[in-house]
Student: 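First the structure, which I've put down as structure tokens, then a few questions once you've had a look.
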Amino acid sequence: MIPASVKAKRTSNPIRNIVDNLNPPQNHPKKLLNLALGDPTVHGNLHCPVVLEEAVKSLLSVGSANGYIPSSGSTAAKKAIAQYNSTPGYTVHEEDVVIGSGCSGAIDLVLTGLLNEGDNILVPRPAFPLYQVISESLGCHVKYYPLLADKDWECDLEAMDAQVDSRTRAILINNPSNPCGSNFSAEHLLGIAAVARKHNLMIIADEIYGRCVFEGEFYPMHLFSGDVPVVSVGGLAKEFIVPGWRVGWLIFHDKGTGRLDDYKAGVRSLTQITLGASSLLQATLPHILCATPGSKDALSLQQFMDHYMGVLSVNGQLCLEEAKTCPELSVIQPKGAMYTMIRIEMSRLEGITDDADFARKLLEEENLFILPGLCFNMPNFVRLVICPPAEVIQESFARLRSFCERYRRADLPPVALEPVHASAATLTDGEEDDEDVEQDNADGSRKAKHSSSSAAASDDHSAAKRRRVSGSA
């Protein structure tokens with residue numbers, strides 16, 4: 001037998017051990033509702049910008065973006081990313097940008113270029129599990145600092161400070177958060193920077209959802225880090241609704257200190273192993289990231305974002321209101337990303353052992369697929385995706401209510417609840433809602449659809465809550 005490498009054997013995603021045991025039932029009378037997958041494309045109600053589609057068509061017809069490009073990314077693409085992430089008073093330079101295969105690929109480059117065996121990084125709990133997977137694959141480990149649910153999922157800064165040891169190489173934050181949907185204030189970012197400064201650590205800022213904010217304003221970590229070096233990661237996936245395109249990037253922010261120079265060189269060397277995002281998709285970046293202000297493309301992109309953030313804002317509020325109709329559930333209102341965490345009051349249920357058991361039985365009995373908090377190292381919660389059509393959110397909570405009622409302890413006194421909102425008719429197996437079947441591929445009608453839906457969302461959602469990165473610190 002030919003043995004696998006040590007690295008291969010220590011590479012394991014803990015989420016797979018949970019999700020692989022969550023199998024949708026066969027021939028269930030209700031339609032499967034999948035609110036587990038963080039993919040905004042799957043429900044049919046959200047589409048990538050028309051500008052992006054047109055850029056791809058144009059580049060294909062010209063045939064100018066089919067060849068090899070530098071391993072760290074094409075010059076034009078890196079310039080576009082630098083311009084997109086620059087703000088008044090802070091300029092990102094092309095040489096500080098590296099393009100990877102999706103944001104996950106960028107995170108892999110960041111950690112592989114930093115960590116030696118035995119090192120550790122600090123990561124949030126709850127957190128996207130990839131940080132742990134990559135670190136352990138490298139022979140390192142993660143140390144957790146808690147996020148405080150009752151404080152809008154802010155970092156516990158005292159616990160963060162206490163976790164640092166002699167082998168800690170960086171503090172990693174994810175803002176806005178997957179799975180929490182939180183969005184940190186500028187003041188909180190200053191507190192995180194203070195902990196890093198105290199211990200002479202760099203900050204890794206996973207900001208893949210940076211412009212997906214619908215409550216408050218997004219503040220990039222590097223604008224509030226002072227002299228603390230920051231490496232931020234981002235990409236097209238979630239902001240532009242193209243997660244399968246695998247276009248991600250990382251940006252070094254050392255503000256001319258030179259503290260990251262050796263590290264930068266190491267990361268660039270790693271890009272030579274496997275080329276990152278495709279040449280064609282990198283060539284779209286100047287079109288999507290650098291549209292001329294006031295142009296037709298810029299207006300179209302703003303309408304796209306207004307509609308998109310409007311959907312997430314409405315659905316986030318809907319989750320908050322729907323949870324009030326079930327005493328076993330409570331929601332911390334999301335402010336960004338495309339998720340909300342639902343707290344389960346386990347003490348009110350019988351016959352349910354933990355959140356993983358809750359999710360498994362919910363799938364079996366109600367054909368509703370959501371992820372247990374155990375996937376993110378956060379017991380007694382489940383994560384729900386908020387990008388489907390509103391009627392799917394309503395139907396999901398109707399099924400959650402029915403499920404909780406069946407397992408509610410009989411000895412509990414009644415609780416005064418909010419009235420149940422009018423819900424969409426139960427979706428039975430084989431049925432599809434209108435959003436699911438509305439698939440018009442004609443370019444002209446796609447434009448009209450984007451324009452009309454964007455205008456409607458603009459009426460419902462304040463422009464002040466859809467700002468792009470602010471230039472003011």
Side-chain angles (χ1 to χ4, degrees), residues 48-49 51-53 55-56 58-60 62-87 90-114 130 134 202 204-211 220-222 229-256 258 260-291 297 301 468-469:
C48 74
V51 174
L52 192 51
E53 293 178 348
V56 172
S58 175
L59 289 162
L60 281 172
V62 173
S64 59
N66 298 329
Y68 283 123
I69 52 179
S71 64
S72 63
S74 75
T75 298
K78 290 193 289 186
K79 284 182 177 178
I81 294 166
Q83 179 179 328
Y84 191 58
N85 287 278
S86 294
T87 54
Y90 185 87
T91 301
V92 175
H93 300 285
E94 168 204 337
E95 58 267 24
D96 291 326
V97 177
V98 173
I99 298 176
S101 179
C103 188
S104 296
I107 293 169
D108 190 20
L109 287 171
V110 168
L111 296 181
T112 303
L114 178 69
L130 183 65
I134 296 172
M202 62 176 277
I204 301 168
D206 181 351
E207 296 174 344
I208 184 63
Y209 294 99
R211 289 174 172 84
M221 182 70 239
H222 65 269
V230 173
V231 179
S232 61
V233 295
L236 290 186
K238 304 306 171 70
E239 181 180 352
F240 295 105
I241 315 183
V242 286
W245 285 22
R246 313 312 302 149
V247 181
W249 55 76
L250 62 96
I251 304 174
F252 299 100
H253 306 275
D254 64 1
K255 303 175 183 177
L260 296 178
D261 285 356
D262 189 60
Y263 177 42
K264 289 183 194 179
V267 169
R268 290 195 186 98
S269 295
L270 289 171
T271 67
Q272 298 171 26
I273 297 174
T274 304
L275 295 181
S278 75
S279 57
L280 173 65
L281 299 182
Q282 288 194 40
T284 67
L285 295 184
H287 300 268
I288 192 80
L289 302 183
C290 302
D297 284 354
L301 288 167
R468 291 188 174 274
V469 175

Student: Among V230, D261, V110, V231, which one satisfies side chain to side chain contact (heavy atoms under 4.5 Å, CB included) with F252?
Tutor: V231
Student: For Y84 and R211, which heavy atoms make the closest approach, and how far apart are they?
Tutor: O-NH2, 2.8 Å
Student: What's the spacing between K255 NZ and T91 OG1 if we round to 0.5 Å?
Tutor: 12.5 Å
Student: Looking at CD1 of I81 and CD1 of I99, how far apart are the two atoms once the value is rounded to the nearest 0.5 Å?
Tutor: 4.0 Å
Student: Are the side chains of V97 and L250 in touch, meaning some heavy atoms are under 4.5 Å apart?
Tutor: no
Student: Out of curiosity, Q282 CD to L275 CG, how far, rounded to the nearest 0.5 Å?
Tutor: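 Spacing of CD (Q282) from CG (L275) equals 9.0 Å.
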Student: Side chains of I273 and L270: closer than 4.5 Å at any heavy-atom pair?
Tutor: yes
Student: Go through it in stages, so that I can follow the logic: the residues are I288 and F240, the test is side chain to side chain contact (heavy atoms under 4.5 Å, CB included), and I'd like the CA-CA distance, side-chain angles, deciding distance and then a yes or no.
Tutor: CA-CA 9 Å; I288 192 80; F240 295 105; 3.5 Å; yes
Student: Which pair of heavy atoms, one from A82 and one from V92, lies closest together, and at what distance?
Tutor: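 Reported closest heavy-atom pair: CB-O, 3.3 Å.
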Student: Side chains of L236 and L285, heavy atoms from C-beta outward: is any pair under 4.5 Å?
Tutor: yes
Student: State, yes or no, whether a side-chain contact exists between T274 and S101 at a heavy-atom distance under 4.5 Å.
Tutor: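 Side-chain contact under 4.5 Å: no.
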Student: Could you go through the side chain to side chain contact (heavy atoms under 4.5 Å, CB included) check for V242 and V247 one step at a time?
Tutor: CA-CA 9 Å; V242 286; V247 181; over 6 Å; no
Student: Is the closest side-chain heavy-atom distance between E207 and V233 below 4.5 Å?
Tutor: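 Heavy-atom side-chain distance check fails, nothing below 4.5 Å.
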Student: If we only count heavy atoms from C-beta on, is the S104 to R246 side-chain gap below 4.5 Å?
Tutor: yes
Student: When rounded to the nearest 0.5 angstrom, what distance separates OG in S74 from NZ in K79?
Tutor: 10.0 Å
Student: Check D206 against C103 and note the closest heavy-atom contact, atom names and distance.
Tutor: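 Closest approach of D206 to C103, heavy atoms only: OD1-SG, 3.9 Å.
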Student: Pick one: which of V56, V51, L289 meets side chain to side chain contact (heavy atoms under 4.5 Å, CB included) with T284?
Tutor: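 Filter result, single survivor: V56.
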Student: Below 4.5 Å, heavy atoms only, C-beta onward: do I204 and L114 meet side chain to side chain?
Tutor: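 With C-beta onward as the side chain, the pair touches.
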Student: Does the structure place the NZ or CZ of R268 under 6.0 Å from the centre of the six-membered ring of Y263, at an angle of no more than 45° from the ring's axis?
Tutor: no
Student: If you round to the nearest 0.5 Å, how far is SG of C48 from CD of E239?
Tutor: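 Between E239 CD and C48 SG, I get 12.5 Å after rounding to 0.5 Å.
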Student: Considering non-hydrogen atoms only, spot the tightest contact between A76 and P286 and give its length.
Tutor: O-CG, 3.9 Å
Student: To the nearest 0.5 Å, what is the distance between CG (D108) and CD1 (I134)?
Tutor: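 Going from the CG atom of D108 to the CD1 atom of I134 covers 4.5 Å.
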Student: The test is side chain to side chain contact (heavy atoms under 4.5 Å, CB included); show your working for H222 and Y90 and say whether it passes.
Tutor: CA-CA 10 Å; H222 65 269; Y90 185 87; 3.4 Å; yes
Student: What are the two closest heavy atoms between I69 and S279, and how far apart are they?
Tutor: CD1-CA, 3.8 Å
Student: Decide side chain to side chain contact (heavy atoms under 4.5 Å, CB included) for H287 and L52; before the verdict, give the C-alpha distance in whole Å, the side-chain angles of both, and the deciding distance to 0.1 Å.
Tutor: CA-CA 7 Å; H287 300 268; L52 192 51; over 6 Å; no
Student: Is it true that K264 and D254 make a salt bridge, defined as a side-chain N closer than 4.0 Å to a carboxylate O?
Tutor: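 Here K264 pairs with D254 in a salt bridge, since their nearest N and O are under 4.0 Å apart.
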Student: So, for H253 and S232, which heavy atoms are closest and what is the spacing to 0.1 Å?
Tutor: NE2-OG, 2.9 Å
